[in-house]
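First comes the structure, then the notes that go with it.
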Amino acid sequence: MIKGEHIDKFFGDLQVLNDINFEIKPSEVVCVIGPSGSGKSTLLRCLNHLERITSGKIYIDGELVDYRGNDKDLMKIEQHKVTELCMELGMVFQRFNLFPHKTALGNVTLSPMIVRGQNKEEAEENGRKMLEKVGLSDKADEYPSRLSGGQQQRVAIARALAMEPKIMLFDEPTSALDPELVGEVLEVMKKLALSGMTMMVVTHEMSFAKEVADRVIFMDEGIIVEEGPPSQIFGNPKKDRTKAFLARTNA
Amino acid sequence: MSLNINQVLLFAKGTLTTLELTFVSMLIGTFFGLIIALGRISKSKILEKTTWVYVWVFRGTPLLLQIMIVYLAIPLMTKEIFGDAVKMSRFAAASIALVLNTAAYLAEIFRAGILSIDKGQTEAAKALGMTRRQTMVKVIIPQTYRRVIPPYANEFIMILKDTSLVSAIGLAELYRASEKLSSSTADWRYLFIAAAIYLLLTSVATQVFAYFEKKFSVYI
């Protein structure tokens, strides 16, 4: 469904991703864990071109969307094709990034209307369904500033779902939330996972990874140190760095 | 002081001219200002540099001089170079100078407004498949309204008052009307009437902009 080969990413002289290889299969839920600065968010952001990789290849649905070396495109890929394929990825941000001038429903319907060309009725009907999915039907007409952090993040999930992505990317979706609001967001994500959505989740919520992930990737200093089913990563980690990290997080 | 019908008419016409100049230059200036602001933040080096030069020139020279250049220097210059003078009415010359000048200031106001919007908004829009243009029009610019209104109101009031500079090319706007009356009748009161009218106009403008600021703040 989504595949990365030999991905390197530099910010100036600093290498944040070092020869990353991974693949995510349809309906798989993969959690990426690791200490701050390990490159896990950067990896996620590279997948939908919010950052460009320095070198390597990225495939979405078997199609090449990035083939780069030394910060240059090694193969000309048509922009509209890249845009189309990137739209198969829905993204949820740490800081929600809702559009503050739009209501919850306005946030959910904007892109379906102007990018997918849906008319207002169609977009709103679908948008209300998405808000229902995240349990916020009654908040459709509220502006984000009137919603709690947890509600805002659920609207952000609905907004991404409204574009009917095949894969959902979550970039530390609960890190900016008050502890008592984390649960409602994780609950929505769990439901989404159970419904068969393909998901890649960068998270610090070890219990969520344990419970929901099919596979856990542990990253440190820009490399994938270890990956496997949660039972293995949390129960029987093989690498010292994984053990040390898990000991620190009391998982 | 006498204030007969002719003098009232002079004031009315002067006020009307002042308002016309203000609205024409603000409306057209807003349009150009926005384009220049987009040029300033453009990825294209040429656009970025040319718009920078524009702002540098029109913000860096006196408005009075700009008015005189448009009205006086350009006809003389074109005559010397092409043998044919590009002539225009006083009102046209005054409007052009005011538009050119206010566009430079407005461009900086709009640019600051656009840059003040969190980067996360652009990223969210991009992740949702929007193009740069859609992001600008549907996401970024609507969010700048509220932030841009106070400095925009400021510029509006400045221009309203600075229209008095076009008296230098003999256009009978509010200031010039009162000044002529005062000096021809040796009565100081006319100048104070003009001051009162300017104050009234700027007060109304302040209220109108305050209303819009509130209106665009509903989502805060």
Side-chain angles (χ1 to χ4, degrees), chain A residues 41 44-45 47-52 79-80 82-104 106-117 141-147 152 155-156 158-165 167-171 176, chain B residues 30 33-34 37-38 41-45 47 106 109-153 208-220:
Chain A
S41 282
L44 211 61
R45 293 165 57 82
L47 298 179
N48 62 358
H49 286 216
L50 287 180
E51 306 278 356
R52 294 303 299 277
Q79 188 55 46
H80 73 93
V82 172
T83 312
E84 241 164 67
L85 286 163
C86 282
M87 275 199 280
E88 297 189 1
L89 309 179
M91 179 97 169
V92 175
F93 297 88
Q94 182 177 354
R95 303 212 52 85
F96 331 136
N97 297 352
L98 288 181
F99 305 134
H101 61 303
K102 298 274 180 196
T103 61
N107 266 275
V108 177
T109 56
L110 180 63
S111 210
M113 286 196 288
I114 65 176
V115 177
R116 293 264 194 243
D141 299 321
E142 294 284 358
Y143 285 103
S145 60
R146 307 257 158 76
L147 301 175
Q152 288 188 50
V155 172
R159 177 176 70 174
L161 289 175
M163 290 297 282
E164 294 167 3
I167 306 160
M168 286 285 283
L169 308 175
F170 292 85
D171 186 8
Chain B
T30 298
L34 189 57
L38 293 174
I41 56 170
S42 158
K43 276 184 178 164
S44 148
K45 273 270 167 288
L47 277 179
L106 290 174
I109 290 171
F110 296 151
R111 184 172 73 95
I114 290 168
L115 293 181
S116 75
I117 304 299
D118 181 50
K119 214 176 100 235
Q121 295 290 307
T122 313
E123 290 189 346
K126 192 176 175 197
L128 288 164
M130 290 183 216
T131 61
R132 262 175 73 86
R133 178 189 293 254
Q134 288 170 332
T135 304
M136 207 34 105
V137 174
K138 297 287 184 181
V139 176
I140 306 296
I141 290 178
Q143 289 185 55
T144 65
Y145 295 156
R146 187 185 59 86
R147 299 184 194 198
V148 156
I149 285 173
Y152 187 91
V208 170
F209 283 115
Y211 165 79
F212 279 113
E213 192 180 338
K214 213 173 151 197
K215 188 175 142 90
F216 284 120
S217 299
V218 285
Y219 59 82
I220 298 305

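Atoms considered below: every heavy atom in the structure, side chains included; atoms not considered: hydrogens, waters and symmetry mates. Naming convention: chains lettered A, B, ... in sequence-line order (proteins, then strands); numbering from 1 in each chain.
Both the backbone and the side chain of B:L128 come within contact range of chain A, judged by heavy atoms closer than 4.5 Å. Looking at A:F99, both its backbone and its side chain come within 4.5 Å of chain B, counting heavy atoms on both sides. Within the 4.5 angstrom heavy-atom criterion, no atom of A:L169 approaches chain B.
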Is there a side-chain contact (heavy atoms from CB on, under 4.5 Å) between A:L110 and B:V139 once you walk through the steps? CA-CA 9 Å; A:L110 180 63; B:V139 176; 4.0 Å; yes
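Between A:F96 and A:V155 there is no side-chain heavy-atom pair separated by less than 4.5 Å.
The distance from atom CZ of B:F110 to atom CG of B:L38, rounded to the nearest 0.5 Å, is 10.0 Å.
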Is there any N or O donor on one of chain B and chain A with an acceptor on the other under 3.5 Å, and could you list each such pair with its distance?
unit_1, atom_1, unit_2, atom_2, d
B:G120, O, A:N97, ND2, 3.1
B:Q121, NE2, A:L98, O, 2.7
B:E123, OE1, A:R45, NH1, 2.9
B:E123, OE2, A:R45, NH1, 3.4
B:E123, OE2, A:R45, NH2, 2.6
B:K126, NZ, A:H49, O, 2.7
B:L128, O, A:S111, OG, 2.7
B:Q134, NE2, A:I114, O, 3.1
B:K138, O, A:H101, NE2, 3.1
B:V218, O, A:R146, NH2, 3.4
B:Y219, O, A:S145, OG, 2.7

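Looking at every heavy atom in both residues, A:P165 comes nearest to A:A160 through CD-O, 3.3 Å. The heavy-atom pair separating A:P144 from A:P100 by the smallest distance is CD-O, 3.8 Å. The two residues A:F93 and A:L50 have their closest heavy-atom pair at CE2-CD1, 3.7 Å. When all heavy atoms of A:F170 and A:L44 are compared, the pair lying nearest together is O-CD2, 3.1 Å.
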